[in-house]
Amino acid sequence: MILPAGGVPTNPVTRFAPSITGWLHLGHVAHAVFVWGIARAVGAEVIVRLEDHDTGRFRPEYEAAILEDLAWLGFLDEVGRARLSRQSDDWGVYEAALRRLPDVYACDCTRQDLAADHDAAEEVPYTGRCRRRGLVYAPGKRWRVPLDGDCVEFTDLLLGFQRQVPAEQCGDLAVRGTNGDWSYQFAVVVDDDRQGVNLVIRGEDLLSSTGRQIRLGTMLGRAPPAVFAHHPLVRDDSGDKLNKRDGALGIRTLRADGMTAEELLGLAAARVGLIERPEALSSSELGGLFQVS
Ligand code: GLU
């Protein structure tokens, strides 16, 4: 795969940032192939960031398994050497960032309020109902930050020019949930900024988050935004993205079936079109899948 040389930041820093809410599967392996492959091709540092902001779904055994699977796949050196971070190590950084956001307000809309008149599958833009109600924050309410209707434009390293209007997609962004958890959108922006991540590599399922994350970053004083590279996903037979319940393609299952790490990396690379058919690939060969030109 060709990466446009002009699009790669100088002194690139990227990250592998799994949510600690389940076991890794073939989709995560493909993601690791992109992260470490591109990192090697462009000389980027990789941070392994354990995203445990969803405290209701976090389980310590997932974290242990993720690190063990990464080591087995051949990324141990990087995990050992690189900056390994965990969101729960310091929730104070999110508190501090929240204080830098302008006009944050409390919202007591229920899921039913938010979903009224909308199809369950579509993203429901928040109406702004609580924007001027002056509610006092208390557990059980969300924190939101107002978004204006500005358009965000960026050039994705793999997908080219993109234009998004976050206010139309999601409305005022939730930064903290009703149980006090930091939202994915907020935590990821704070982390990418404080860790100096200037090259975000992730699946195409997160493309629609990027405009809002660039906007949030600007509100927090970040300039310029990171470069984003959204890669294809591993799909199941019906064309859907894999999820954590697809046990058959879980790394643990594939390992137990006798697959080697090299076979698994090659299978993942083939499933996302980086190579024509599965062949054994070691983690140190992944940089060869990408050319900067
Ligand atoms: N933790 C997120 C996930 O596993 C990815 C975060 C990101 O790449 O922005 O889906």
Side-chain angles (χ1 to χ4, degrees), residues 12-39 44-59 62-63 65-67 69-70 75 82-89 94 97 123 152 154 156-159 162 164 166 169-170 173-175 177 181-217 220 222 225-235 240-246 249-251 268 272:
V13 179
T14 189
R15 61 354 183 243
F16 182 85
S19 298
I20 314 301
T21 53
W23 317 104
L24 296 189
H25 54 57
L26 190 63
H28 295 102
V29 182
H31 176 52
V33 166
F34 275 99
V35 170
W36 272 281
I38 293 177
E45 179 188 358
V46 181
I47 296 171
V48 174
R49 185 168 75 218
L50 302 167
E51 299 210 329
D52 57 358
H53 62 94
D54 184 343
T55 58
R57 290 165 69 212
F58 167 82
R59 277 171 39 192
Y62 294 147
E63 179 178 311
I66 287 170
L67 289 174
D69 288 342
L70 286 178
F75 302 120
R83 293 147 67 188
L84 178 64
S85 79
R86 186 183 290 101
Q87 292 174 322
S88 59
D89 284 345
Y94 308 98
E123 177 164 29
V152 179
F154 60 97
D156 188 279
L157 197 61
L158 303 180
L159 301 177
Q162 305 290 320
Q164 297 177 358
Q169 293 171 288
C170 61
L173 262 178
V175 294
D181 280 357
W182 301 102
S183 73
Y184 156 69
Q185 304 288 357
F186 180 67
V188 92
V189 171
V190 172
D191 290 338
D192 284 341
D193 189 16
R194 74 192 171 105
Q195 295 178 332
V197 171
N198 56 13
L199 176 58
V200 174
I201 301 164
R202 59 187 181 193
E204 284 176 9
D205 53 329
L206 289 170
L207 179 62
S208 63
S209 291
T210 299
R212 60 196 88 168
Q213 292 179 7
I214 291 174
R215 289 287 289 118
L216 258 183
L220 288 169
R222 175 172 186 162
V227 171
F228 289 82
H230 291 90
H231 60 73
L233 304 176
V234 176
R235 307 253 170 210
D240 293 328
K241 103 175 214 220
L242 297 186
N243 66 47
K244 289 172 176 146
R245 289 174 299 283
D246 285 321
L249 290 175
I251 298 186
V272 290

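Both backbone and side-chain heavy atoms feed into the values below; hydrogens, waters and symmetry mates do not. Start at 1 and go down the list; that is how both ligands and their atoms are numbered. Count residues from 1 along the sequence.
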(message) For the CZ atom of F154 and the CD1 atom of I214, what is their distance to the nearest 0.5 Å?
(response) 5.0 Å
(request) Give the numbers and elements of all ligand 1 atoms closer than 4.0 Å to a heavy atom of R202. (result) 7 (C), 8 (O), 9 (O)
(message) If I compare all heavy atoms of V13 with all of G196, which pair ends up nearest, and what's the gap?
(response) CB-O, 3.4 Å
(request) List every atom of ligand 1 that sits less than 4.0 Å from any heavy atom of A17, numbering the atoms from 1 in the order shown and giving each element. (result) 1 (N), 2 (C), 4 (O), 5 (C), 6 (C)
(request) Answer yes if the side chains of S208 and Q164 hold a donor-acceptor pair under 3.5 Å, and no otherwise. (result) no
(request) Output the list of atoms in ligand 1 that are nearer than 4.0 Å to some heavy atom of Y184, sorted by atom number. (result) 6 (C), 7 (C), 9 (O)
(request) Could you list the atoms of ligand 1 found under 4.0 angstrom from a heavy atom of R15? (result) 7 (C), 8 (O), 9 (O)
(message) Quick check on the 6.0 Å ring-centre criterion: do H28 and H31 meet it?
(response) no
(message) When you measure from the side chain of D52 to the backbone of I20, do you find a donor-acceptor pair of N or O atoms at a distance under 3.5 Å?
(response) no
(request) May I ask whether H28 has any heavy atom positioned less than 4.0 angstrom from an atom of ligand 1? (result) no
(request) Give yes or no for whether the N/O distance cutoff of 3.5 Å, strictly under, is met between S19 and ligand 1. (result) yes
(message) Closer than 4.0 Å to some heavy atom of V188 - which atoms of ligand 1 meet that?
(response) 9 (O)
(request) Kindly assign one of parallel, tilted or perpendicular to the pair W23 and Y62, based on the angle between their ring planes and the thresholds 30° and 60°. (result) perpendicular
